[in-house]
Amino acid sequence: MTVRAPAKLNLQLRVGRLRPDGFHELTTVYQAVGLFDEVDAEPADSLTVTVTGEGAGAVPADSTNLAAQAAAVLAAQTGRAPAVALTLRKSIPVSGGCAGGSADAAAALVACDALWDTGLSKDGLAALAARLGSDVPFALHGGTALGTGRGERLTPVLARGAFSWVLALAEGGLSTPEVYRELGRQRQQGPVGVVNDPGDVLAALRAGDPVTLGRALSNDLQPAAVALAPGLRPLLQVGRDLGALGCVVSGSGPTVAMLVRDDEQAETLAGSLEQLRVCRAVRTASGPVPGARVVEVR
Ligand code: C5P
């Protein structure tokens, strides 16, 4: 059984208050884009994880892996042993702000659900996803959606047409809790900028207008990510200088999402970024794309 799950971008991310459970209240607009991790699930005597591909060395191949946790949680919920061999083929940057770990968890949930024929409803699977991480329900859902709560409560958003993105993968990774902590420190020192109203992003998506969407992209976590990874500031500027319609750090970073007019401009911008060597790697992707889906049954 092979399942493919997409990377996510946050087109807009507003961070509200810190809750007693350690999570922040969020309002975010997610879009799933065409950069995918694949997870194979095969029957086995016990739960094993093998990781290959982009950044595999930095991903734990033990029970702490989010995909392994997904298999374990689904097995416990449906009263069976988590006897499955998971192979993760990664393309989504690790610790990159594109929810690669969440994509792997969503893919493992869908793969094991199909392998074990659990009969769990879509809502049942989504509830398990929310237990695994704030972004996991969106990796199941895909498309374009408004996320509230800690990001796990989803409302589908109407997006006309396709949007073309260039993803600039910055050197290293950023730890999500550390970026939230840095935001907390910055907020104690005073106001840190104003994030656009999600209404602007939603209207641009509805109209299928990349120019307006480019202007409306924003992320409350961006100043914190830039403080921890100062190289992001020139990277954002280079994207703008090279004609991107808008540039924003995705989630807690350090991936920078650059919105362009069409796929042709995406290829041109990606080529320029590669030549300038301003980041570790560059990918192009369009969105929205569906969430975690079975792509092969053996
Ligand atoms: O839910 P997830 O495992 O992705 O969250 C990772 C960490 O990011 C949390 O432990 C928390 O520190 C931070 N976080 C947060 N508020 C959210 C989502 C994540 O503070 N809404």
Side-chain angles (χ1 to χ4, degrees), residues 5-32 37 39 49 55 58-60 62-74 88 90 92-109 125-142 145-155 172-188 192 195 198 218-229 248-255 257 291-292:
K8 65 86 180 151
L9 302 178
N10 298 88
L11 311 188
Q12 198 261 5
L13 174 54
R14 264 187 171 177
V15 181
R17 69 182 176 94
L18 176 61
R19 310 187 319 194
D21 64 5
F23 290 90
H24 292 77
E25 278 298 318
L26 298 186
T27 306
T28 188
V29 181
Y30 293 111
Q31 182 159 88
D37 279 2
V39 173
V49 183
V59 179
D62 57 22
S63 61
T64 64
N65 186 291
L66 210 52
Q69 289 178 33
V73 163
L74 181 64
L88 280 48
K90 296 205 58 70
I92 305 173
V94 176
S95 299
C98 295
S102 302
D104 300 343
L109 273 182
L125 220 51
L128 290 185
R131 276 167 52 190
L132 291 161
S134 308
D135 295 332
V136 184
F138 179 71
L140 271 185
H141 187 279
L146 183 69
T148 53
R150 54 182 239 271
E152 89 288 14
R153 274 198 252 135
L154 300 175
T155 310
L174 282 173
S175 143
T176 302
E178 270 176 36
V179 176
Y180 275 100
R181 274 197 292 277
E182 174 61 24
L183 175 68
R185 277 193 290 274
Q186 291 183 351
R187 283 184 167 172
Q188 275 176 352
V192 279
V195 160
S218 64
N219 178 1
D220 266 353
L221 288 176
Q222 184 163 304
V226 170
L228 295 173
V248 71
V249 170
S250 183
S252 54
T255 301

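Please read these numbers as outputs of a predicted model, since none were measured by experiment. Both counts, for ligands and for their atoms, begin at 1 and track the order of listing.
Protein residues are said to neighbour a ligand when one of their heavy atoms lies under 4.0 Å from it; for ligand 1 these are Gly22, Phe23, His24, Leu26, Gly133, Ser134, Arg150, Thr176, Pro177, Tyr180.
Closest approach of Lys8 and Gly251 over heavy atoms only: NZ-CA, 3.8 Å.
With sequence neighbours excluded, no residue forms a salt bridge (charged side-chain N to carboxylate O under 4.0 Å, His left out) with Arg17. Partners of His24 under the ring-ring contact (aromatic ring centres under 6.0 Å, His included) rule, at least two apart in sequence or in another chain, are Tyr180.
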Atom pairs and distances, side-chain donor-acceptor, residues 63-70, under 3.5 Å, sequence neighbours left out:
residue	atom	partner	partner atom	Å
Thr64	OG1	Asp62	OD1	2.5
Asn65	OD1	Ala67	N	2.8
Asn65	ND2	Pro60	O	2.8
Gln69	NE2	Thr64	O	2.9

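One finds the CG atom of Leu221 at 6.5 Å from the OG atom of Ser252 (value rounded to the nearest 0.5 Å). To the nearest 0.5 angstrom, Leu140 atom CG is 9.5 Å from Leu132 atom CG.
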